[in-house]
Amino acid sequence: MKPLVMGVLNVTPDSFFDGGRYLQTGAAIERGRAMAAEGADIIDIGGESTRPGAKPVPEDEELRRVLPVVASLAGTVRISIDTMKPAVAMAAIAEGASLLNDVGGALGPIAAEQSVGLVVMHRQGMPQDMQRAPHYDDVVGEVHAALAEGATAARSLGVGELYVDPGIGFGKTAAHNLALLAALSRLVAAGEPVLVGASRKSFLGVLAAPAGAAPRPPQDRLPGSLAVASWAMLAGAAIVRVHDVRATVQARELAGPRLCTLGPVAISGAGR
Ligand code: HH2
């Protein structure tokens with residue numbers, strides 16, 4: 001099945017890439033509509049950054065940020081709510097959200113009760129401290145086992161639509177992220193649909209920098225983001241979570257059926 005493109009929409013002042021751009025309700029709605037027009041299958045709306053070191057946002061402020069945006073876009077495109085707070089998840093569902101992006105691990109019971117989808121994401125630590133000293137003896141084995149456990153728990157609660165996510169950058173070094181990406185087809189083979197969110201994350205800036213140079217900043221991480229999204233789609237990911245919908249949809253056109261089924265096909269037009 002064609003992988004879905006989930007567009008990121010952060011209604012925050014401090015998200016690591018789009019922070020401050022869509023803090024006003026009108027700007028956020030406009031951005032959501034634009035991403036839907038660009039081909040986003042789902043828009044993931046968040047009102048609290050989870051970047052390393054981010055400060056928690058009070059519940060009333062998070063509600064104020066996200067609810068009008070959810071309500072306005074829900075008739076146009078499928079909405080996912082990216083939150084750690086059960087009250088925000090409930091309010092977003094009431095406004096039309098149908099997928100809970102459960103980065104904090106507390107929303108399974110709500111997804112089951114409300115019959116909405118759930119993303120179970122792996123993380124080590126909380127945003128305030130998760131990048132201080134992430135450690136695993138066997139990152140792939142431990143993350144895959146934790147996701148299997150999370151999926152079993154969610155299924156036993158009665159969650160129907162479920163995705164598992166290795167949580168790229170959530171308590172992981174660049175080496176951990178790469179190991180998880182390299183093992184993605186094994187996670188896919190485990191049977192639950194997989195979501196991958198690597199868009200513009202800092203390991204891409206580290207890996208793409210020339211030797212000895214400073215890491216590339218978030219604005220300069222689109223090529224790496226597209227490379228990882230394409231890799232994830234070819235490995236069988238069900239959803240890629242990205243800031244750059246138009247470019248990713250184009251990458252999907254190539255990474256999907258065209259490349260997977262590449263054989264002795266005649267392509268018309270001037271090629272080189
Ligand atoms: N990454 C971020 C936020 N939510 N959810 C899932 N399921 N998977 C991810 O990899 C993921 C996520 C971080 O990215 P972003 O929302 O752009 O940044 P911030 O947390 O600073 O708002």
Side-chain angles (χ1 to χ4, degrees), residues 4-23 28 31-32 35 40 42-57 61-62 65-66 69 79-85 88-89 92 97 99-108 111 117-128 130-131 143 146-147 150-151 154 161-172 176-177 180-181 184 187 192-205 217-219 221-222 224-225 228-229 232 237-245 248:
L4 302 179
V5 173
M6 170 187 267
V8 178
L9 181 54
N10 286 312
V11 193
T12 63
D14 58 344
S15 288
F16 80 94
F17 177 60
D18 60 354
R21 293 190 207 177
Y22 312 115
L23 187 54
R31 175 66 184 151
M35 286 196 287
I42 306 168
I43 306 265
D44 188 38
I45 299 176
E48 178 178 53
S49 172
T50 51
R51 78 185 154 75
K55 297 238 158 53
V57 174
E61 173 62 11
E62 192 176 331
R65 290 178 187 177
V66 298
V69 184
I79 298 298
S80 158
I81 182 78
D82 182 348
T83 186
M84 302 205 220
K85 299 187 182 74
V88 175
L99 183 60
L100 304 183
N101 184 7
D102 188 11
V103 291
L107 305 181
L118 181 73
V119 178
V120 171
M121 192 196 76
H122 179 274
R123 67 185 164 80
Q124 186 180 82
M126 290 299 279
Q128 295 85 315
M130 65 189 180
Q131 289 306 104
V143 170
L147 290 175
E161 183 189 3
L162 182 68
Y163 303 89
V164 294
D165 177 350
I168 299 297
F170 283 84
K172 280 135 195 146
H176 294 144
N177 292 329
L180 288 164
L181 289 170
L184 212 52
L187 185 60
E192 297 293 358
V194 173
L195 183 152
V196 175
S199 182
R200 306 247 178 201
K201 287 187 177 169
S202 63
F203 78 108
L204 299 172
Q219 313 82 270
R221 298 177 191 159
L222 176 59
S225 303
V228 174
I239 302 181
V240 287
R241 180 183 184 277
V242 300
H243 300 91
D244 303 277
V245 169
T248 309

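Values reported hereafter were calculated over all heavy atoms of this structure, with side chains retained and with hydrogens, waters and symmetry mates removed. The shown structure was predicted, so the numbers you read here are calculated from the model rather than taken from an experiment. First listed ligand is number 1; within each ligand, the first listed atom is number 1.
- Heavy atoms of Glu48 found under 4.0 angstrom from ligand 1: none, in either backbone or side chain.
- The protein non-hydrogen atom at the shortest distance from atom 17 (O) of ligand 1 is His243 NE2, 2.7 Å.
- Heavy-atom proximity to Ser15, at under 4.0 Å, picks out these atoms of ligand 1: 19 (P), 21 (O), 22 (O).
- Minimum interatomic distance between Ala89 and Ile81 (heavy atoms only, all atoms of both residues): CA-CG2, 4.3 Å.
- Residues meeting the ring-ring contact (aromatic ring centres under 6.0 Å, His included) test with Phe203, sequence neighbours left out: none.
- Formation of a donor-acceptor pair under 3.5 Å by the Asp44 side chain with backbone atoms of Met6 is not found in this model.
- With a 4.5 Å cut-off on side-chain heavy atoms, Leu204 and Ser225 count as touching.
- Regarding atom 19 (P) of ligand 1, its nearest protein heavy-atom neighbour is Ser49 OG, 3.4 Å.
- Atom 9 (C) of ligand 1 has as its closest protein heavy atom Lys201 NZ, 3.5 Å.
- Of the candidates Arg200, Arg241, Arg51, His122, it is Arg241 that places a heavy atom closest to atom 14 (O) of ligand 1.
- With a 4.0 Å heavy-atom cut-off, ligand 1 is reached by the side chain of Asn101 but not by its N, CA, C or O.
- Neither the backbone nor the side chain of Phe17 has any atom closer than 4.0 Å to an atom of ligand 1 (non-hydrogen atoms only).
- Residue Tyr163 places no heavy atom under 4.0 Å from ligand 1.
- Remark: ligand 1 atoms within the under-4.0 Å shell around heavy atoms of Val103 are 4 (N), 5 (N), 12 (C).
- For ligand 1 and Val119, the ligand atoms under 4.0 Å from any heavy atom of the residue are 7 (N).
- The minimum heavy-atom distance linking Arg123 with Lys172 is given by the pair CA-NZ, 4.1 Å.
- Ligand 1 places these atoms under 4.0 Å from at least one heavy atom of Asn10: 15 (P), 16 (O), 17 (O), 18 (O), 22 (O).
- Which parts of ligand 1 touch Phe16 is read off a 4.0 Å heavy-atom cut-off, strictly below it: atoms 14 (O), 15 (P), 17 (O), 18 (O), 21 (O).
- Here the closest heavy-atom approach between residue Gly169 and residue Asn177 is recorded as N-OD1, 3.0 Å.
- Shortest contact from atom 8 (N) of ligand 1 to any protein heavy atom: Asp165 OD2, 2.6 Å.
- Inter-residue side-chain proximity for Leu107 and Thr83 is flagged as met; some heavy-atom pair is nearer than 4.5 Å.
- Given atom 4 (N) of ligand 1, the protein heavy atom at minimum distance is Asp82 OD2, 2.9 Å.
- The N/O atoms of Ala198, backbone and side chain alike, include none that comes under 3.5 Å of an N/O atom in ligand 1.
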